[in-house]
Participant: 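Starting off with a structure, shown below.
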Amino acid sequence: MKKNFVKILALFLNLLLVFSIFTASACKKDCTHVYKDYVCTLCGCNYYTEGLVYTLNESGTGYVVRGKDFATNLEELFIPATHKNLPVTDIAENAFKDEKHIKVLNIADGVKTIGESAFYNCVNIVKARIPSTLIEIDESAFLNCISLKFNSYGNAKYLGNEVNPYFYMASVDSYLIDTIDIHVRCKMINQQSIDECKDLKYSENNGFYYLGSIVNPYIYLAKPVSLSQTQVLIDYNCSIVNPKAISMLESVEQITSHVGNGYFRVEKGCLIDNQNNSIIAGCEVFDLDNSATSIGPYAFMCRNFTEVSISNNITSIGKGAFSNCENLTDVTIAKSVIRMGANVFDGCEKLQNIVLKHDKTPNYWHSNWKGNNSAIVS
């Protein structure tokens with residue numbers, strides 16, 4: 001009898017513990033929440049959307065949001081800064097594609113990437129808040145969000161947040177425009193929208209075409225004057241670089257950032273963005289064993305090297321980073337890489353071997369990270 005009582009008591013205590021853990025994860029305080037700007041005015045608790053699908057990265061340091069696992073037609077989507085006491089760092093490709101009921105989107109500070117078609121065809125999103133912590137937004141992330149209201153400035157449309165409403169130039173007012181006045185606080189630009197503007201007027205400097213403002217015409221390095229040039233000198237006033245502008249060159253022998261430009265640095269043949277510590281572009285001869293922690297989209301596209309070894313300082317590799325490297329045959333990827341974009345090695349026709357230091361291919365990498373090639377992954 002006594003033994004049965006002990007067992008029942010133990011079961012009751014376990015159930016009580018599970019219940020307390022569940023309720024603590026939902027809210028740390030007993031409160032009937034009244035939210036304003038996604039923060040409870042009564043207890044200070046952050047609002048979040050329940051039922052999101054998360055994947056823990058292999059290093060156990062953060063979560064990727066994959067979508068939602070419930071049938072509820074939510075109108076407000078809030079992606080939190082943390083999940084189970086770890087940071088939420090990424091929104092996966094196609095995560096909320098075709099979600100017609102979302103009207104308000106709020107992405108908390110700390111999220112670093114928004115993947116391919118993440119919010120594609122969310123036709124009823126009216127308001128979107130994106131954080132300044134982002135280092136990569138896929139060009140198609142907000143494609144066909146036809147109801148989305150932007151912050152307009154200088155013939156362009158921006159998304160941002162309460163601190164910087166002009167963080168990301170998402171599109172232009174019209175493809176027929178011939179001038180763009182880039183806001184001084186802009187940090188990222190959707191190059192795809194720029195490419196559609198055939199009549200744009202550029203400022204030329206050191207072999208490149210720039211876009212900017214009346215005060216600073218050299219904010220954005222957009223494209224090269226000639227594909228045959230081999231030297232790259234980043235202007236003193238440049239704060240944003242289109243990685244394809246360098247990668248599309250036939251050969252890159254040297255990259256230099258103008259003395260006094262605090263936005264970029266050059267280490268071991270790599271141009272590095274000081275804000276997010278990401279490699280923007282590289283020379284033909286380079287060394288990834290530097291102080292950078294990520295490789296940005298298209299950084300080494302179309303280069304002529306034959307082997308690549310991703311060192312332990314790199315945690316993220318962006319979309320198309322090594323695409324169309326026609327002579328590339330062997331790749332080694334360190335276990336430190338927890339984020340891998342789409343088509344990283346697409347078009348590398350001679351690529352034969354990709355050696356992963358991971359136990360297996362991480363399921364939180366982009367589903368088509370390898371791209372179109374016949375390389376054997378081991």
Side-chain angles (χ1 to χ4, degrees), residues 89-90 112-115 133-139 187-189 191 208 220-224 230-235 238-249 251-258 261-325 327-328 331-348 354 357 365-366 369 371:
T89 57
D90 306 274
K112 295 184 179 298
T113 70
I114 302 178
T133 53
L134 287 167
I135 61 173
E136 183 179 343
I137 305 175
D138 191 88
E139 298 99 325
K187 302 299 181 184
M188 300 179 72
I189 292 177
Q191 178 61 33
F208 286 91
Y220 179 54
L221 189 156
K223 59 182 181 180
T230 60
Q231 306 289 319
V232 177
L233 174 60
I234 308 298
D235 186 81
C238 177
S239 59
I240 311 172
V241 171
N242 171 19
K244 287 185 178 180
I246 299 175
S247 296
M248 68 174 62
L249 297 175
S251 179
V252 180
E253 294 179 1
Q254 185 179 33
I255 301 176
T256 307
S257 182
H258 197 288
N261 184 317
Y263 297 102
F264 309 103
R265 66 184 186 275
V266 178
E267 292 182 19
K268 299 181 178 182
C270 298
L271 178 67
I272 303 173
D273 187 322
N274 287 334
Q275 180 181 0
N276 52 43
N277 212 27
S278 180
I279 297 173
I280 300 173
C283 298
E284 302 298 341
V285 179
F286 65 92
D287 186 353
L288 293 178
D289 188 14
N290 52 46
S291 63
T293 55
S294 64
I295 301 173
Y298 310 109
F300 294 94
M301 183 179 72
C302 299
R303 298 278 64 85
N304 296 312
F305 43 75
T306 59
E307 297 180 357
V308 169
S309 180
I310 309 298
S311 49
N312 286 319
N313 54 298
I314 301 297
T315 62
S316 173
I317 303 177
K319 180 179 181 179
F322 296 94
S323 57
N324 297 313
C325 293
N327 295 317
L328 184 61
V331 173
T332 301
I333 302 176
K335 192 174 183 178
S336 59
V337 177
I338 59 176
R339 182 184 299 111
M340 185 79 77
N343 300 313
V344 171
F345 300 102
D346 191 52
C348 300
I354 300 178
K357 296 300 183 179
W365 285 7
H366 192 283
W369 64 272

Participant: Between Asn276 and Leu134, is there a donor-acceptor pair closer than 3.5 Å when you use the side chain of the first and the backbone of the second?
Facilitator: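 Flag not set: sc Asn276 to bb Leu134 has no pair under 3.5 Å.
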Participant: Any donor-acceptor pair under 3.5 Å linking the side chain of Lys244 with the backbone of Tyr298?
Facilitator: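 No.
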Participant: Main chain of Ser309, side chain of Thr332: is a donor-acceptor contact present, judged purely on distance under 3.5 Å?
Facilitator: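 Side chain of Thr332 to backbone of Ser309: no pair is present.
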Participant: When you measure from the side chain of Arg303 to the backbone of Ser247, do you find a donor-acceptor pair of N or O atoms at a distance under 3.5 Å?
Facilitator: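 Judged by distance alone, yes, a pair lies under 3.5 Å.
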Participant: Hey, can you tell me if Phe345 and Phe322 have their rings parallel, tilted or perpendicular (30° and 60° cut-offs)?
Facilitator: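 Taking Phe322 first and then Phe345, their aromatic rings lie parallel (interplane angle under 30°).
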Participant: Which heavy atom of Ser336 sits nearest a heavy atom of Ser311, and at what distance?
Facilitator: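 Minimum heavy-atom separation between Ser336 and Ser311: OG-O, 3.6 Å.
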Participant: Roughly how far, to the nearest 0.5 Å, is the CG atom of Asp90 from the OG atom of Ser316?
Facilitator: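 CG of Asp90 is found 7.0 Å from OG of Ser316.
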Participant: Please check if atom CZ in Phe305 has more than 12 non-hydrogen atoms from other residues, nucleotides or ligands closer than 6.0 Å.
Facilitator: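 Above 12, so yes.
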Participant: Ignoring hydrogens, what is the shortest heavy-atom contact between Ser278 and Gly296? Give both atom names and the distance.
Facilitator: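 The pair with the smallest heavy-atom distance is OG-N, 3.4 Å.
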Participant: Walk me through it: do Leu288 and Phe300 pass the test side-chain contact (heavy atoms from CB on, under 4.5 Å)?
Facilitator: CA-CA 11 Å; Leu288 293 178; Phe300 294 94; 3.8 Å; yes
Participant: For Ser294 and Ile314, work out which heavy atoms get closest and say how close.
Facilitator: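 Smallest heavy-atom distance, with atoms named: N-CD1, 4.0 Å.
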Participant: With sequence neighbours excluded, what pairs up with Glu267 under the salt bridge (Lys or Arg N to Asp or Glu O under 4.0 Å) test?
Facilitator: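 Glu267 satisfies salt bridge (Lys or Arg N to Asp or Glu O under 4.0 Å) with Arg265 once adjacent residues are dropped.
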Participant: Quick one: closest heavy-atom pair of Asn290 and Asn313, and the distance?
Facilitator: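 Between these two residues, the closest heavy atoms are O-ND2, 3.0 Å.
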Participant: Short question: side chain of Thr230, backbone of Glu253 - any donor-acceptor pair under 3.5 Å?
Facilitator: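 Checking the backbone N and O of Glu253 against the side chain of Thr230, no donor-acceptor pair under 3.5 Å is found.
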Participant: Kindly give the heavy-atom pair with the smallest separation between Tyr263 and Cys238, and that separation in Å.
Facilitator: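 Residues Tyr263 and Cys238, closest heavy atoms: CD1-O, 3.3 Å.
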Participant: Below 4.5 Å, heavy atoms only, C-beta onward: do Trp365 and Val337 meet side chain to side chain?
Facilitator: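 Side-chain contact under 4.5 Å: yes.
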Participant: Using a strict threshold of under 4.0 Å (side-chain N to carboxylate O), is an ion pair present between Arg339 and Glu136?
Facilitator: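 Salt bridge: no.
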Participant: Could you tell me the separation between the CD1 atom of Ile234 and the CD1 atom of Ile280, rounded to the nearest 0.5 Å?
Facilitator: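 Answer for the CD1-CD1 pair, Ile234 versus Ile280, is 7.5 Å.
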Participant: Any donor and acceptor pair, going by atom type alone, linking the side chain of Asn261 with main-chain N or O of Asp235 inside 3.5 Å?
Facilitator: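 Here the side-chain-to-backbone pair exists.
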Participant: When rounded to the nearest 0.5 angstrom, what is the spacing between NE2 in His366 and OG1 in Thr113?
Facilitator: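 Rounded to the nearest 0.5 Å, the NE2-OG1 separation comes out at 10.5 Å.
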Participant: Please list, chain by chain and in numerical order, all residues satisfying side chain to side chain donor-acceptor pair (under 3.5 Å) with Asp273, sequence neighbours excluded.
Facilitator: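 None.
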Participant: When rounded to the nearest 0.5 angstrom, what distance separates OG1 in Thr133 from CD in Gln275?
Facilitator: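 Interatomic distance, Thr133 OG1 to Gln275 CD, rounded to 0.5 Å: 10.0 Å.
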Participant: Would you name the heavy atoms of Val241 and Ile246 that are closest together and state the gap between them?
Facilitator: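 Minimum heavy-atom separation between Val241 and Ile246: CG1-CD1, 4.1 Å.
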Participant: Could you state the interatomic distance from CE (Met301) to CG (Leu249), rounded to the nearest 0.5 Å?
Facilitator: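 Nearest 0.5 Å value for the CE-CG distance: 9.5 Å.
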Participant: Distance check, rounded to the nearest 0.5 Å: Ile338 atom CD1 versus Thr315 atom OG1?
Facilitator: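 Separation between the atoms: 5.5 Å.
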Participant: Please list, chain by chain and in numerical order, all residues satisfying side chain to side chain contact (heavy atoms under 4.5 Å, CB included) with Gln191, sequence neighbours excluded.
Facilitator: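 Applying side chain to side chain contact (heavy atoms under 4.5 Å, CB included) to Gln191 gives Ile194, Asp195, Tyr220, Asn242.
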Participant: State, with a plain yes or no, whether a side-chain heavy atom of Ile295 is found less than 4.5 Å away from one of Val344.
Facilitator: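 Side chain of Ile295 against side chain of Val344, heavy atoms only: no contact under 4.5 Å found.
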